[in-house]
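Start at 1 and go down the list; that is how both ligands and their atoms are numbered. Quick note: residue numbers are just sequence positions, from 1.
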Amino acid sequence: MKNQELAKIFNDMARFLEAEGVAFKPYAYERAALSLEALNKDVAEIYRDGGTKALLQIPGVGKAIADHIEEYLKTGKIKHYEDYKKKFPLKLDELVKVEGMGVKKAKILYQKLGIKDLKDLEKAAKGHKIAPLFGFGEKTEKNILQGLEFLKRDKGRFLLGQILPTARIIEQRLKGLKEVEQISIAGSVRRRKETIGDVDILVVSKKPAEVMDFFVKMDGVEKIWGKGGTKASIRMKEGFDIDLRVVPKKSYGSALQYFTGNKEHNIITRKIAIEKGLKLSEYGIFRGKKIIVGKTEEEVYKAIGLPYIEPELRENEGEIEAALNNQLPKIVGYKDIKGDLHCHTSFEAKSHGRNSMEEMAKAAMNMGYEYIGISDHTKFLRIESGLDEKQLLKQHEAIKKINDKFKNQSINFKVLHGCESNILDDGSIDIKDKVLEKLDYVIAGVHSNMKMEKKEMTQRIIRAMQNPNVDIISHPTGRLIGRRDEYQMDFDKILEVARKTGTILEINSSPDRLDLRDLYIRRAKNQGVKMIIDTDSHQKEQMGQIEYGIAQARRGWAEKEDIINTNSVEKLLEYFH
Ligand code: DGT
Ligand code: CA
Ligand code: CA
């Protein structure tokens with residue numbers, strides 16, 4: 001898939017430019033990569049239908065990038081990129097996945113020790129070659145080894161955010177075939193699991209052979225693992241596999257139920273069928289040899305005495321018992337969110353490639369929201385151009401002006417003023433209370449010293465929640481999927497204090513965070529703790545990632561009432577007060 005190939009190239013370019021110390025440009029490339037990754041249409045098709053002019057309509061794509069895309073589509077290469085690869089013959093994309101390793105560190109390690117990839121890095125760290133280097137030390141070397149271990153644990157799985165856009169494009173391509181009557185993504189992608197082993201796609205067709213042929217010959221296929229009459233399996237260039245199954249119409253519902261899984265959920269549904277004297281398989285529900293139902297999932301569940309169960313709940317985590325007792329939650333919907341309150345902007349931060357407050361507000365309107373909350377970093381995070389008290393007050397006035405302007409233009413949309421402040425080691429906040437008081441709401445998060453002892457970290461976050469000005473805790477556990485563990489902390493105690501103080505816990509939608517994780521969401525809900533689904537967007541293109549956060553909330557059984565940004569702006573402000 002050209003979208004993902006180009007996204008990878010532009011991400012690499014951003015890193016090369018950063019390694020060279022070039023300002024601004026890396027962000028432009030990152031933004032283009034982000035936009036291409038999330039695009040639901042094939043960039044090759046866009047170009048074929050509308051040329052460079054159409055490319056320029058893609059968010060984040062300007063003239064220089066459009067030229068690169070054109071060059072790549074025409075020649076399969078980008079000269080500028082090839083030159084950089086010669087200049088820096090190291091696998092930066094791989095190396096920066098190690099938690100705590102930035103581009104600059106990777107460059108130094110390459111120059112001093114010739115480290116080109118993860119293998120070299122591991123060898124050097126184990127041989128204690130890194131610690132003696134200026135600016136590294138014992139602690140960094142230990143962290144690198146830890147980071148490498150972590151990467152190994154999750155090998156072979158991909159983030160949902162890396163997979164879903166491509167899976168959708170392939171679904172659309174197949175849908176375009178006249179032989180395809182019905183189609184659905186199945187497996188863990190349909191369940192919106194946070195990491196994905198492979199993609200499963202189910203198709204109804206009377207001519208499976210034609211569908212199979214098209215599938216294995218698609219653009220972006222690297223290898224064909226197998227191809228039979230109704231089954232095929234391929235490896236995409238991006239490194240992940242896709243299984244395709246073609247079934248007859250009468251089995252579509254039961255096949256979808258089977259291939260959606262998960263496996264444990266399937267085993268139990270089959271057992272229930274047996275108890276009723278039936279047999280449930282991917283081909284249908286049978287009494288003896290006679291098929292009773294199979295066309296839709298609804299009728300399959302009904303035939304074994306269950307209501308329809310949303311795919312995000314099918315993990316054998318109690319959903320079957322709940323269904324049997326008619327106690328399934330009415331989980332929050334993908335269209336229930338009314339605004340995003342964790343958004344960063346370029347205010348007083350000119351060098352981060354971010355968008356202005358108005359641009360973010362417009363993007364929020366395009367999402368169909370009623371409000372947005374601006375929550376820039378605060379002063380402790382100097383590398384993120386964190387705002388100090390004076391700048392926050394200045395921003396407050398600027399936001400008032402934007403709201404006045406919208407009002408004058410009869411635009412029914414509200415910009416709220418917040419901030420993402422820092423929880424310091426002792427649990428205090430890096431901004432004075434008398435300024436925090438003036439904002440509509442305050443987010444607080446841990447951004448430093450993440451390896452504290454359990455007791456200390458728990459106390460640190462509790463103290464922040466006890467500050468009456470703090471409304472929301474961002475990415476509460478600090479994990480990065482496949483890269484960094486959660487902080488050591490007593491989550492039950494945190495929940496207890498969150499409930500007492502009315503503090504809201506964030507469900508961060510960023511595909512590599514998804515923090516809170518699903519089981520924590522469920523525990524929070526059961527304890528009566530409110531949550532908010534936010535994107536933590538640093539560029540407007542990231543606002544669309546909200547769907548990953550919503551998916552996670554659904555997997556955590558959260559209902560509309562549990563999520564405060566399903567409320568109108570009036571209700572929300574009332575809650576903050
Ligand atoms: P993944 O790919 O590891 O992220 O997870 P899934 O759930 O997509 O697993 P996958 O691709 O191996 O299989 C897709 C679905 O097919 C799975 O969710 C349930 C069903 N399935 C696969 N193997 C078995 C099995 O041995 N027994 C039963 N009952 N169902 C299975
Ligand atoms: Ca799968
Ligand atoms: Ca599979």
- Query: Who pairs with E317 by side chain to side chain contact (heavy atoms under 4.5 Å, CB included), at least two apart in sequence or on another chain?
  - Reply: E315, E319, L519, R522
- Query: Side-chain donor-acceptor pair under 3.5 Å between D340 and Y369, yes or no?
  - Reply: no
- Heavy atoms under 4.0 Å from ligand 1: which residues qualify? R157, G187, S188, R191, I196, G197, D198, D200, Y258, F259, T260, G261, N262, K263, N266
- Does the side chain of H344 pick up a donor-acceptor pair with the side chain of Q542 at under 3.5 Å? no
- Task: Indicate whether the side chain of D536 and that of S510 have a donor and an acceptor atom separated by less than 3.5 Å.
- Result: no
- Query: Is any NZ, NE, NH1 or NH2 atom of the basic residue among E298 and K302 found under 4.0 Å from an Asp or Glu carboxylate oxygen of the other?
  - Reply: no
- Of the N, O or S atoms in D243, the one nearest the Ca ion (ligand 3): OD2
- In terms of the angle between their ring planes, are Y301 and H265 parallel, tilted or perpendicular, with boundaries placed at 30° and 60°? perpendicular
- Heavy-atom donor-acceptor pair, R314 side chain to I309 backbone, under 3.5 Å: yes
- Would you say D200 reaches the Ca ion (ligand 2) with an N/O/S atom under 3.0 Å? yes
